[in-house]
Amino acid sequence: MDPIRQAKVEELRRLGTEPFPTEPFPTNTTAAEILRYYPQQKLDFKAVRLAGRLWRKRLMGKASFAVLRDHTGDIQLYFQRDDFAERPELYDTVFKKLLDLGDIIGVEGFVFTTKTGEITVHVQRFRLLAKCLHALPIEKETEEKTYAAFTDPELRYRMRYVDLIVHPRVREIFVRRTAIVQAIRDFFNARGYLEVETPILQTIYGGAFARPFTTHLHALDLPLFLRISNELFLKRLIVGGFPAVYEFSKDFRNEGIDRYHNPEFTQVELYVAYQDYLWMMELVEQLLETVAQKAVGSTVVEYAGQTIDFAAPYRRVRYFDALKEAVGQDVRALSERELLALVQKYELPVPEPPYEAIDLIALLFDKLVEPKLIQPTFVLDYPEALSPLAKKHRSEPGVVERFELIVGGKELANAYSELNDPFDQRQRLERQAALREAGGLEAMPMDEDFLRALEYGLPPTAGLGLGIDRLTMLLCNAPSIQEVLFFPLLRPQSG
RNA sequence: GUCCCCAUAGCUCAGCGGUAGAGCAGCGGAUUCUUAAUCCGCGGGCCGCAGGUUCGAAUCCUGCUGGGGACACCA
């Protein structure tokens with residue numbers, strides 16, 4: 001805490017100004033509203049009440065200017081000593097000396113235009129609403145120079161409230177994030193899909209490949225997992241007869257942290273009965289085109305120095321065709337030894353054993369194909385071994401009806417014609433169980449109740465998972481996932 | 001988990017073996033139309049932490065802590 005500001009709290013109380021008053025201060029306008037409507041005189045500006053942070057002070061003798069920043073923007077304030085003739089200390093001491101930049105104040109007065117043409121509130125009464133006890137890193141910008149920016153990422157993330165106070169652009173990212181979520185919700189609701197909630201605490205985790213967080217329920221003396229996915233629960237609901245369900249799902253994965261990964265992140269998952277992955281591709285195209293248009297105002301966005309267009313339709317390429325394009329041959333024809341040679345040829349790190357041919361194929365795809373797909377691209381018909389929850393392809397052996405949508409070189413969405421054959425599903429999960437036996441930490445555990453649900457009959461279903469954080473990054477041109485999470489995970493400060 | 005980079009005033013940074021610096025913010029004064037207000041004056045620091053080298057360390061070395069980037073992992 002700033003000791004000077006602390007001392008001002010005492011001084012204010014001595015002068016009869018409570019720095020944290022109980023009384024509310026209802027406002028009747030905002031900075032943006034005044035700036036927008038005053039020139040047209042569309043509203044009465046003779047008795048405005050607005051509140052916000054004191055942002056700048058330009059003190060002179062008997063009259064001074066200040067700037068108030070509220071949630072809509074900045075507006076200039078004008079104070080005159082003559083207006084406080086009964087209690088001149090309100091101007092001379094409280095306003096000029098005891099109010100600091102960052103203090104939350106409420107003002108009342110009338111709007112006028114200064115000689116230099118700036119719309120300004122002539123303050124007749126003001127009240128301190130909450131004292132700010134820390135110096136605020138307020139930026140000053142001109143065409144030539146920028147003073148005192150608050151740029152240290154660690155400080156910005158640890159004290160996001162300060163980041164938000166100081167950087168309107170950060171606020172805009174999060175407003176847009178909410179607009180994105182809302183646009184998706186509207187899109188799904190317009191089609192009659194039902195928004196649902198499923199458990200975050202799960203006794204068996206599944207639906208993705210990842211190490212889970214574990215916890216414990218004392219009441220039942222039961223180990224529990226935080227969900228890595230909600231897929232298996234949403235499919236149970238389709239079994240139960242809902243024709244289409246979706247959920248915005250905070251998922252938790254006990255994996256590495258980097259520019260694209262936070263231990264907790266958000267996906268929206270959607271399951272629609274009687275449809276397949278081809279239908280889902282068209283839905284995703286429509287969805288993203290609509291969301292970009294609504295949240296950004298355009299389907300074309302700048303991301304990491306590139307221009308990306310979300311207008312439908314998107315390029316489609318089959319998994320093995322894309323890989324063939326990259327390495328010049330069909331990797332399905334290669335032995336494990338030949339695949340290994342290919343991995344080494346491209347100077348990719350050979351995975352830790354135990355690994356199988358399919359792991360080498362996935363490695364080649366992830367390193368040689370995915371990063372090059374900048375424009376929205378559907379990669380379809382994945383190898384079966386990589387997709388234990390997807391239905392076998394209707395005509396091509398060895399692959400499943402699955403697509404990933406790659407944008408900006410990263411996976412944005414993942415979808416299947418869902419596997420609804422309980423016999424096939426059991427075999428696939430048994431293979432996963434074998435991988436776990438062999439030390440595969442991310443392989444899926446067996447889930448007998450999910451299999452029983454499939455045995456009751458899952459209609460043919462199209463399923464989708466779409467990364468909300470990644471989509472927000474793309475639509476906000478945010479370079480890291482931390483920029484689109486209010487409170488990204490950081491190691492706690494020691495000492 | 002590995003490698004590289006960073007850590008100096010509230011904020012943004014300079015200084016890189018010889019007394020700790022600037023701008024913005026702050027404090028005191030002047031100022032009734034300023035808007036990066038201006039003018040005069042002033043204070044502010046365990047130079048991330050702990051060791052080491054040296055006559056002398058913010059500066060060189062080692063370790064630790066925190067952060068950033070890359071890799072690995074996360075198909």
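First the proteins, then the strands, lettered A, B, ... as listed; each starts at 1.
Regarding contacts with the backbone of B:A37, a side-chain N or O of A:R58 is found under 4.0 angstrom from either OP1 or OP2. Between A:R253 and B:C74 there is no side-chain polar atom (N or O) within less than 4.0 angstrom of OP1 or OP2. Taking 4.0 angstrom as the limit, A:K8 places a side-chain polar atom (N or O) nearer than this to OP1 or OP2 of B:C27. Checking the phosphate oxygens (OP1, OP2) of B:A37, a side-chain nitrogen or oxygen of A:R56 falls inside 4.0 Å. At the phosphate of B:A36, neither OP1 nor OP2 sits under 4.0 Å from any side-chain N or O atom of A:K57. At the phosphate of B:G67, OP1 or OP2 sits under 4.0 Å from a side-chain N or O atom of A:R491.
Nucleic acid contact for A:A362: none, since no nucleic acid atom lies under 4.0 Å from a heavy atom of the residue. A:L386 comes within contact range of at least one nucleobase, with a heavy-atom separation under 4.0 Å.
Below the 3.5 angstrom threshold, one finds a donor paired with an acceptor across the side chain of A:Q76 and the base of B:U34. No donor-acceptor contact under 3.5 Å links the side chain of A:S64 to the base of B:U31. On a pure distance criterion of 3.5 Å, a polar donor-acceptor pair joins the side chain of A:Y78 and the base of B:U32.
The gap from the P atom of B:A72 to that of B:A36 amounts to 49 Å, rounded to the nearest Å. Look at the C1' atom in both B:A14 and B:U59: the space between them is 13 Å, to the nearest Å. Comparing B:C3 with B:G43, their C1' atoms are spaced 44 Å from each other, to the whole Å.
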Measure all distances between protein nitrogen or oxygen atoms and nitrogen or oxygen atoms of nucleotides 69-72 of chain B, and list the pairs falling under 3.5 Å.
from: B:A70; atom 1: OP1; to: A:R259; atom 2: NE; distance (Å): 3.0
from: B:A70; atom 1: OP1; to: A:R259; atom 2: NH2; distance (Å): 3.2
from: B:A70; atom 1: OP2; to: A:R259; atom 2: NE; distance (Å): 3.3
from: B:A72; atom 1: OP2; to: A:K367; atom 2: NZ; distance (Å): 3.2

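Listed nucleotides B:G10, B:G26, B:C11 differ in distance to A:L101; the shortest reach to its side chain belongs to B:G26.
Residue order along RNA chain B, read from the 5' end via each residue's closest nucleotide, puts A:L136 first among A:G117 and A:L136. Nucleotides of RNA chain B nearest to A:M159 and A:L59 differ in position, and the one nearer the 5' end is that of A:M159.
Put simply, the side chain of A:F126 does not reach to within 4.5 Å of the side chain of A:L77, judged on heavy atoms. Under the 4.5 Å side-chain criterion, counting only non-hydrogen atoms from C-beta, A:E338 is not in contact with A:V331.
Cation-pi check for A:K367 over A:Y346 is not met; the charged atom does not lie both under 6.0 angstrom from the ring centroid and within 45 degrees of its normal. Annotation: cation-pi geometry satisfied between A:K57 and A:F95 (NZ/CZ under 6.0 angstrom from ring centroid, within 45° of ring axis).
The distance from atom CZ of A:R158 to atom P of B:A7 is 17 Å, rounded to the nearest whole Å.
Remark: the backbone N or O of A:Y277 is paired with a side-chain donor or acceptor of A:S417 at under 3.5 angstrom. No donor-acceptor pair closer than 3.5 Å links the side chain of A:Q76 to the backbone N or O of A:F65.
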